[in-house]
Amino acid sequence: MTTVTTVAGRPLSDWSRDTRHGTWHALLPARSGDPALGALRVDRALLAPEGTRERLAAAVLAVGRLRLPGVLGTVDLVAEAGEVWLLTSRPPVPTVADLLDATGAATGDASGPDAGSVASVLNETAQTLLALHAAGLTHGALGTDTVVCAPDGVALLAESALGTVLGDARAAAGREADVLAWAALARTLADAWTGAGTPAADLFARCSATAESEGLAAARDALVAGRAALPADFLRRTALRAAVTATTPELTAAPTVVEPTAVEPTADEPTADEPGAPVQSDRPEDRGPGAAGPDPTVLVPAADQGAPADAQLTMPSRARRARTPDPALPDEQATVLGKRHRTGPVHPAPEQHDLVPTATGADADEILLRFGPGVPVEGQEALRGRWSAAAPPPDPRERRRRRGWIATTALLTVVAVLLWLLLRPDPAPTVTAVDVQAPTGKLHCGQTADMVGVVRTDGRGGPVTYRWLRSDGHDTGELVRTAHSGERRVTVHLRWTVRGPGTFHGTARLRVAHQRTPVEGEATFIYVCS
């Protein structure tokens with residue numbers, strides 16, 4: 001079996017984790033400065049039912065189009081080396097299950113996550129689930145092993161919508177299952193990270209019960225309304241970020257590939273090039289489906305790795321034996337080639353030139369190339385008369401078919417050019433400057449900051465691709481605003497709502513990156529709530 005060490009051109013690290021849908025791996029950066037990616041190798045048994053791959057692709061695409069900040073970002077869904085891989089923007093580590101295992105079940109552990117950590121995870125997962133449900137999607141596999149904590153403590157949902165396609169009971173997977181799973185998550189985190197009988201524990205128990213009876217939106221409202229029971233600085237996620245940093249594994253080591261040891265052939269085992277011996281080949285097309293790269297069972301000595309392509313390589317315990325032609329067996333290659341370009345012996349020119357030599361037996365169909373002075377001049381006219389023949393008249397049906405092909409090709413070419421002219425994308429305008437304006441005064445409890453971005457262009461019409469990057473780690477993803485011809489100022493907005501007591505400095509950065517050199521601007525507002 002071929003061991004896969006790269007996916008989509010990136011090497012796999014030695015970290016992996018089994019889940020209900022397959023095995024997660026980490027893809028190391030392809031070059032310096034690139035982030036590590038996550039790669040879920042989907043279990044082949046789950047893909048066996050007919051149409052599952054198509055449903056999986058549709059579900060991944062539907063979730064990716066939403067661009068939810070609370071979902072582990074999808075990079076691609078690829079089929080490689082006979083496996084289906086889901087590539088994500090980051091490895092799914094650490095999960096809430098990892099944090100629970102690292103901190104243990106000690107209630108109120110001062111060195112681990114606290115009640116504020118529970119509130120952050122529940123609030124963000126509830127927001128993401130509500131957005132999925134509003135789009136007609138469900139998660140289908142919510143649990144402590146599918147909630148990932150980013151370095152800034154933000155909770156991200158992994159394997160979204162996979163449970164509805166790859167789950168054991170698809171009919172039972174729905175919004176109700178997501179809500180019940182969220183309620184169970186609330187009870188689990190409350191038992192592990194809050195003290196029994198505390199106001200925070202009572203709040204989470206009430207939220208769990210509300211979710212089961214009234215729904216997820218009511219449970220989240222109850223969580224927001226009870227924030228007085230949480231630590232004063234819970235919005236900073238200090239304890240949760242510290243736990244994430246301490247729990248995140250090292251993902252920079254590449255897996256060690258162990259070469260198999262050569263085995264001496266036994267008396268019953270055929271050696272290479274003998275009848276019945278397995279053929280070893282370095283070409284992927286000569287091996288079975290799903291193979292990628294050189295076959296690990298072929299051991300090539302180091303001295304032969306730089307040999308030319310046509311050199312013969314000596315395999316340990318698999319030395320090639322030179323074949324001795326058997327005179328009793330016909331030389332098939334010579335027979336085939338001989339019927340095309342066999343050269344006879346050199347003979348002196350005869351006095352009586354035999355223009356058409358007679359051949360009999362096995363050589364009756366051969367073409368013999370003889371050497372000599374050639375055909376004499378007096379015999380050339382007779383030879384032309386014997387071999388000249390009138391050309392057959394052209395078939396009118398063939399002529400009509402040829403004209404039909406020409407007309408069809410010309411029509412398709414015209415249609416292709418018209419479609420290209422109609423559907424080609426408009427050139428994007430050149431961006432000269434980006435300004436961001438923030439509210440001048442301080443924002444108070446529950447207010448929304450309207451960040452106004454002004455993109456200055458050269459006045460050419462076309463799409464302007466931009467994205468908002470918030471200081472709390474949220475990324476809106478790529479957005480598009482179409483500028484009209486002559487419009488030199490394109491205005492875009494970001495509305496940022498902050499809730500809860502405390503002081504918060506929010507910075508929003510507007511980046512326009514549809515041209516070779518990105519242009520960006522930023523602004524900061526102050527939020528105060530006592």
Side-chain angles (χ1 to χ4, degrees), residues 68-70 110 112-128 130-131 149-156 186 189-190 193-194 198-204 206-207 217-245 434-454 466-477 479 491-511 520-530:
L68 297 178
D114 55 2
S117 305
V118 179
S120 297
V121 172
L122 294 181
N123 178 53
E124 288 155 1
T125 53
Q127 284 182 324
T128 305
L130 289 172
C149 291
D152 57 0
V154 175
L156 306 174
L189 297 183
W193 295 343
T194 61
T198 60
D202 295 339
L203 170 62
F204 300 140
R206 187 167 61 253
C207 292
R220 182 180 176 273
D221 292 341
L223 179 63
V224 174
R227 60 179 178 270
L230 304 175
D233 61 342
F234 79 96
L235 291 176
R236 300 180 182 273
R237 303 188 186 90
T238 304
L240 185 57
R241 285 189 283 110
V244 170
T245 302
V434 174
D435 298 326
V436 180
Q437 301 173 2
T440 55
K442 296 180 179 179
L443 301 182
H444 299 288
C445 302
Q447 289 188 335
T448 299
D450 184 10
M451 312 296 290
V452 181
V454 179
Y466 65 96
R467 69 196 311 156
W468 287 97
L469 303 173
R470 294 175 14 181
S471 58
D472 61 355
H474 286 210
D475 184 350
T476 62
L479 305 173
T491 303
V492 295
H493 292 265
L494 171 67
R495 291 174 175 81
W496 188 346
T497 302
V498 183
R499 294 188 177 91
T503 302
F504 177 72
H505 292 261
T507 301
R509 187 163 75 254
L510 175 61
R511 176 182 296 173
E520 60 182 35
E522 65 178 29
T524 302
F525 67 92
I526 301 175
Y527 170 86
V528 178
C529 180
S530 57

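Side-chain contact check for Leu443 versus Phe504: every heavy-atom pair is 4.5 Å or farther apart. Between Ser471 and Trp496, the closest side-chain pair of non-hydrogen atoms falls below 4.5 Å. Using a 4.5 Å cut-off on side-chain heavy atoms (C-beta onward), Ser117 and Phe234 make no contact. Residues Thr194 and Phe204 form a side-chain contact, since some pair of their non-hydrogen atoms from C-beta on lies under 4.5 Å apart.
Atom CZ of Arg236 sits in a sparse spot, with 12 or fewer heavy atoms from other residues, nucleotides or ligands closer than 6.0 Å.
Put simply, OG1 on Thr507 and CZ on Phe525 are 8.0 Å apart, with the number rounded to the nearest 0.5 Å. How far CD of Glu522 is from CE of Met451: 9.0 Å, rounded to the nearest 0.5 Å. To the nearest 0.5 Å, the span separating OG1 on Thr503 from CG on Asp233 amounts to 12.0 Å. Separation of atoms CG (Leu494) and CZ (Arg467) is listed at 13.0 Å; rounding is to 0.5 Å. Separation of atoms CD (Gln437) and CG (Leu510) is listed at 11.5 Å; rounding is to 0.5 Å. Rounding to the nearest 0.5 angstrom, the gap separating the CG atom in Asp152 from the CG atom in Asp472 is 7.5 Å.
Contact between Gly500 and Leu235 at its shortest, heavy atoms only, is CA-CD1, 4.4 Å. Across all their heavy atoms, Leu230 and Ala200 have their closest contact at CD2-CB, 4.5 Å. Closest heavy-atom contact between Ala119 and Leu223: O-CD2, 3.9 Å. Minimum heavy-atom separation, Leu203 to Ala229: CD2-CB, 4.4 Å. What you find for Pro69 and His474 is that their closest heavy atoms are CB-ND1, 4.1 Å. The nearest pair of heavy atoms linking Ala150 to Val244 is O-CG1, 3.6 Å.
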**Message:** Run Asn123 and Arg220 through side chain to side chain contact (heavy atoms under 4.5 Å, CB included) and show every step you take.
**Reply:** CA-CA 6 Å; Asn123 178 53; Arg220 182 180 176 273; 3.0 Å; yes
**Item:** Intermediate values then yes/no, side chain to side chain contact (heavy atoms under 4.5 Å, CB included), Val492 and Tyr466
**Value:** CA-CA 9 Å; Val492 295; Tyr466 65 96; 3.5 Å; yes
**Request:** Report the C-alpha distance between Leu240 and Val121 in whole Å, list the side-chain angles of each, state the deciding distance to 0.1 Å, and finish with yes or no for side chain to side chain contact (heavy atoms under 4.5 Å, CB included).
**Result:** CA-CA 9 Å; Leu240 185 57; Val121 172; 4.2 Å; yes
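A donor-acceptor pair under 3.5 Å is absent between the side-chain atoms of Thr448 and the main chain of Arg495, judged by distance alone. Side chain of Tyr527 to main chain of Thr497: no donor-acceptor pair is present (N/O by atom type, distance under 3.5 Å, no hydrogens or angles). Distance alone, capped at 3.5 Å, places no donor-acceptor pair between the Glu124 side chain and the Val154 backbone.
Within the structure, every pair that satisfies the salt bridge (Lys or Arg N to Asp or Glu O under 4.0 Å) test and touches residues 498-510, not counting sequence neighbours, is listed here: Arg509-Glu520.
With sequence neighbours excluded, the residues that form a side-chain contact (heavy atoms from CB on, under 4.5 Å) with Ala222 are Cys207.
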